[in-house]
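Heads up, the thing below is written out as structure tokens.
Along the sequence shown, residues carry numbers from 1. If you're wondering where the values come from, they're calculated on a predicted model, not measured in any experiment. Computation of the quantities below employed the complete heavy-atom set of this structure, encompassing side-chain atoms and omitting hydrogens, waters and symmetry-equivalent molecules.
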Amino acid sequence: CTRRTGNGKFFRTLHWTTNGNPRRTRRKSEIMRRTDREIVDRERLRELILTCDCCRLGIASEDGPYIVPLNFGYEEQNGRGVFYFHCAKEGHKLELLKENPRVGFELDTAHTLRAAEKACGYTFLYASVIGRGTIVSVTDTQEKKAALARIMEHYSGKADWTFSDAEIGSVAILRLDEAEMTGKEHR
């Protein structure tokens with residue numbers, strides 16, 4: 001179908017979902033060009049996320065986007081992705097997030113260069129996940145402990161970590177509630 005924008009241009013609309021629920025309409029400029037590489041299956045997205053080492057947050061700033069790589073833990077709640085991050089209790093990132101908690105995020109993995117005889121035959125294999133969401137500062141002690149355990153499980157494989165109240169009090173915990181995400185894979 002088509003829809004008129006405020007400036008008189010037309011564009012195609014699609015209804016995009018990650019869990020079967022209706023979602024916001026995507027403009028033609030947001031439609032993935034290589035749909036043969038698009039990943040929409042939630043289970044495949046989860047698998048990819050769990051193989052990644054770093055989640056990059058894109059945060060709005062009056063000077064332009066501020067991108068920061070973070071260690072993370074991941075889980076799903078009510079059909080939505082939830083990322084947890086830990087950081088110092090003060091700093092530039094937190095100041096920006098207070099002003100605007102809406103962020104973009106990106107993760108990538110499975111990097112392989114495939115060589116060829118000619119330069120234009122080279123290709124790069126990868127898998128990536130991108131999305132948008134909202135950051136919430138976690139203040140509840142039990143949720144902070146669970147978040148840190150989730151982060152540690154992601155990197156160590158061990159889930160039964162314990163944390164003292166002093167350790168919990170010394171860090172900030174951020175929760176990213178996914179609003180939308182999609183993936184792309186070139187194998």
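- Annotation: side chain of V103 is not in contact with side chain of R132 (no heavy-atom distance under 4.5 Å).
- Counting only heavy atoms from C-beta outward, the side chains of I59 and K93 approach each other to under 4.5 Å.
- The two atoms that bring L125 and R187 nearest to each other are CD2-C, 3.6 Å, heavy atoms only.
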Validation: residues 110-119 side-chain donor-acceptor distances under 3.5 Å, sequence neighbours left out:
| residue | atom | partner | partner atom | Å |
| --- | --- | --- | --- | --- |
| H111 | NE2 | D108 | OD1 | 2.6 |

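- Between D53 and T109 there is no side-chain heavy-atom pair separated by less than 4.5 Å.
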Begin from the C-alpha positions of L57 and F83 and carry the test side chain to side chain contact (heavy atoms under 4.5 Å, CB included) through to its verdict.
CA-CA 11 Å; L57 283 187; F83 293 85; over 6 Å; no
Side chain to side chain contact (heavy atoms under 4.5 Å, CB included) between R37 and E185: does it pass, once the steps are laid out?
CA-CA 5 Å; R37 296 182 181 172; E185 189 167 31; 5.6 Å; no
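- Across C52 and L107, no two heavy atoms sit closer than the pair SG-CB, 3.6 Å.
- Proximity of T182 to I130: side-chain heavy atoms (C-beta onward) are separated by under 4.5 Å at one or more points.
- Contact check for R175 versus V82: side-chain heavy atoms found under the 4.5 Å cut-off.
- Looking only at distances, a side-chain donor or acceptor of E178 sits under 3.5 Å from a matching main-chain atom of G81.
- When every heavy atom of E167 is checked against every heavy atom of S164, the shortest pair comes out as OE1-N, 2.8 Å.
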Side-chain donor-acceptor contacts of residues 66-76 below 3.5 Å, not counting sequence neighbours, with atom names and distances?
| residue | atom | partner | partner atom | Å |
| --- | --- | --- | --- | --- |
| N71 | ND2 | Y155 | OH | 3.4 |
| Y74 | OH | E76 | OE2 | 2.8 |
| E75 | OE1 | R150 | NE | 3.0 |
| E75 | OE1 | R150 | NH2 | 2.9 |
| E75 | OE2 | Q77 | NE2 | 2.5 |
| E75 | OE2 | Y84 | OH | 3.3 |

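- Taking CD1 from I168 and CG from D140, the interatomic distance works out to 10.0 Å, rounded to the nearest 0.5 Å.
- In this structure, the side chains of L94 and C87 come closer than 4.5 Å at one or more pairs of heavy atoms.
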Test salt bridge (Lys or Arg N to Asp or Glu O under 4.0 Å) on D165 and K145 and set out the steps.
CA-CA 9 Å; D165 288 343; K145 287 180 178 182; 3.4 Å; yes
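- Here the CG atom belonging to L45 is positioned 6.5 Å from the CZ atom belonging to R42, to the nearest 0.5 angstrom.
- A salt bridge is defined here as a Lys NZ or Arg NE, NH1 or NH2 lying under 4.0 Å from an Asp or Glu carboxylate O, and E180 with R102 fails to meet this definition.
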Checking side chain to side chain contact (heavy atoms under 4.5 Å, CB included) for the pair L50/H154: CA distance, chi angles, key distance, verdict?
CA-CA 7 Å; L50 294 179; H154 181 76; 4.1 Å; yes
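- Proximity of R34 to K184: side-chain heavy atoms (C-beta onward) are separated by under 4.5 Å at one or more points.
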Working note: D177 + R80, criterion side chain to side chain contact (heavy atoms under 4.5 Å, CB included); need CA distance, chi angles, decisive distance, verdict.
CA-CA 7 Å; D177 296 325; R80 296 284 197 188; over 6 Å; no
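- The two atoms that bring A149 and A159 nearest to each other are CB-O, 4.2 Å, heavy atoms only.
- Heavy-atom minimum distance, V171 versus K144: O-NZ, 3.0 Å.
- Using a 4.5 Å cut-off on side-chain heavy atoms (C-beta onward), S128 and E106 make contact.
- Residues V136 and L96 fall into different hydrophobic clusters, defined by Ile, Leu, Val, Met, Phe, Trp and Tyr side chains chained together at heavy-atom separations under 4.5 Å.
- Within a 6.0 Å sphere centred on CD of E43, other residues, nucleotides and ligands contribute more than 12 heavy atoms.
- Interatomic distance, CD1 of I135 versus NZ of K98, reported as 14.0 Å (0.5 Å rounding).
- Across all their heavy atoms, N100 and A60 have their closest contact at ND2-CB, 3.8 Å.
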